[in-house]
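Accompanying notes for the structure given below.
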There are 2 protein chains.
Amino acid sequence: MLGVWLAPKIGQRLEKTPLVRKLGAFVALSGTELSVLDALHKRRRTFVAGRDLVHQGQLDQAAYILISGWACSYKILEDGQRQIVDFQIPGDFLGLRSVLLHMSDHSIEPITDIEVTEVTVADLLDAFSQTPRLATAVFWAASRDEAMVVEHLIDIGRRAAAERMAHFLLELGARLSLVGLGSKAGFACPLSQYLLADALGLSAVHVNRVLRTLRESGMVTFRDGFVTFDSYSRLTEFAEFDPVYLDHTGPLLR
Amino acid sequence: MLGVWLAPKIGQRLEKTPLVRKLGAFVALSGTELSVLDALHKRRRTFVAGRDLVHQGQLDQAAYILISGWACSYKILEDGQRQIVDFQIPGDFLGLRSVLLHMSDHSIEPITDIEVTEVTVADLLDAFSQTPRLATAVFWAASRDEAMVVEHLIDIGRRAAAERMAHFLLELGARLSLVGLGSKAGFACPLSQYLLADALGLSAVHVNRVLRTLRESGMVTFRDGFVTFDSYSRLTEFAEFDPVYLDHTGPLLR
DNA sequence: CGGGTGTTTGACATTGCTCAACATACGTGG
DNA sequence: CCACGTATGTTGAGCAATGTCAAACACCCG
């Protein structure tokens, strides 16, 4: 009964999930593709903040699609330091690469409580064979994620702490905007200064100082879980932020 | 005539190309797959050292398979600094991600004179549809490359200069061994200290100092275009080098 | 021989880290 | 309600790692 009632509304309902918004920015999706995508969301699960979903070295675990909440993928070094490789926001895949390599080379931790749907390799390949355009969209999304890791590498390798922070916050803002969770005004951000430090290769103390200078110079304010872009234009200039790889006004493939 | 004479030797000949060695480490390849792979190598081209193959921002260029020589992919910042994201050695793809995004987010420069074969998206997709196992192998190789960029990120974000250099040289050695161009004794290496600096996010002067300390502590020597692992075991321990993602004694998929 | 590229070393400047102290908010048990 | 513990944010002082500038040297190649 419920299913029948919902059927005609599937298109509308899906319009709003983060994954659909994101993939829709890459490839114009048909009704069939939307329902195949919908069918992927079978096994819904939730995880609490702070307890690892995936452990470095773990074999053959599943992949997930993040529905709500934030997570991060990271690696721990022997001396206890950690480097956060990337944050995941709603609409992102978790552990897609690990599934292919049959072995996770990193850990994944929920930063907030999160909702996910579990996806097996079989589910994915099945969905892809039904709708090749979907495969294209997912592959593009994966490529974009990789491009972001590259940009992150450049942040850490060649930008000074303040530019690094600025660039990072802008990128996060752009990603969140893509799924409707942010704008050029700012976004809600559950990250602690410790998390920022581990992502940017800085100490937590230095993160604090850098945030202060950025705030005092009137470009961004990060306070009480909100990032506010006080002057988006000056900030982008300061950070040399160039969002080509994220910036689409419409789908690339129609 | 020549073609006929070569035909029965294709299997043997291919056994030796770097790409075949590399993919063979992921997936056991049949004769058919080997010849499909061989057929990809149609448009052979050469490029001289130092002149960019691909420019940041360039649209819709081709991808290449590197046959011989070394290249690097990098990004330039406005202030002239550059960050090298990755080096490419024989058997690696050049610009595979750019092809998918229809836009290159980085530049690629040959470090030595190089030989490549040009591959179009159509060629690739065609090859994949003929032999799905080949697609798997290429996808795995791409995942491994991504894992290496991640490891590089960790190098830069959280390892001190000396450990960073050590880790980087070990990784390069492992990659080269996979295609028969290196061993635990060492490898031929055409990189200048400037290139190392741009890859590791250090200054060239500091690279020089770090190389000296590593040499004086008897772990690695980099001199006259050769990297010599003076004590492979001490070096791996020093660098916390864990080659899980590169280390296969045989194909993962038979 | 001269110019270009890469390496080596020294002196000094700066960035960002460490340690330490204190502030603030929140939850929990008494 | 208070007392306490824990997690996070803030600030200062001193220091270590790394960058910058400058100079000399080695080597190759025309």
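Each chain gets a letter, A, B and so on, in the order its sequence line appears, and its residues count up from 1. These numbers come from a predicted model, not from an experiment. When reading the values below, keep in mind they use all heavy atoms of this one structure, side chains included, and skip hydrogens, waters and symmetry mates.
Nearest nucleotide to the side chain of S192(B), out of dT7(C), dC17(C), dT20(D): dT7(C). When the nucleotides dG12(D), dG6(C), dC21(D) are ranked by their closest atom to the side chain of V205(B), dC21(D) comes out on top.
In the interface, the side chain of R215(A) is not paired with the base of dT10(D) through any donor and acceptor atom under 3.5 Å apart. Evaluation of atom-type donor-acceptor distances gives a pair under 3.5 Å for the side chain of R209(A) against the base of dT18(C).
Rounded to an integer number of Å, the gap from CD of Q81(A) to C1' of dC17(C) is 10 Å. Rounded to an integer number of Å, the gap from CG of L196(A) to C1' of dG16(C) is 16 Å. L200(B) places its CG atom 18 Å from the P atom of dA17(D), with the value rounded to the nearest Å. Spacing between atom CZ of F226(B) and atom C1' of dG6(C) amounts to 18 Å, rounded to whole angstrom units. The separation between H206(B) atom NE2 and dC21(D) atom C1' is 16 Å, rounded to whole Å. With rounding to whole Å, D198(B) atom CG is found 11 Å from dG19(D) atom P. Atom-to-atom, CZ of R223(B) to C1' of dG6(C) comes out at 14 Å; the value is rounded to the nearest Å. Computed from coordinates, the I111(A) CD1 to dT8(D) C1' distance equals 15 Å when rounded to whole Å.
Backbone-only engagement by L202(A) is indicated by non-hydrogen atom pairs under 4.0 Å involving sugar-phosphate atoms exclusively. Within 4.0 Å of R212(A), counting heavy atoms only, lie sugar-phosphate atoms of the nucleic acid but no base atom. Across all strands shown, G201(B) has heavy atoms under 4.0 Å from sugar-phosphate atoms exclusively, and none from any base. No contact: A204(B) has no heavy atom under 4.0 Å from any strand.
Taking only side-chain nitrogens and oxygens, N208(B) comes nearer than 4.0 Å to OP1 or OP2 of dT8(C). Note on Q193(A): a side-chain N or O is less than 4.0 Å away from OP1 or OP2 of dT10(D).
The shortest non-hydrogen separation linking G201(A) to R158(B) is C-NH1, 3.8 Å.
Between R159(B) and E151(B) there is a salt bridge, with a side-chain nitrogen of the basic residue lying less than 4.0 Å from a carboxylate oxygen of the acidic one.
Position along DNA chain D of the nearest nucleotide to R158(A) versus Y194(A) favours Y194(A) as the more 5'-ward residue.
In this structure the side chain of Y74(B) never reaches within 4.5 angstrom of the side chain of H106(B), judged on heavy atoms.
Checked against a 6.0 Å centroid threshold, the rings of F241(B) and Y232(B) do not count as neighbours. For F87(A) and F168(A), the gap between ring centers is short of 6.0 Å.
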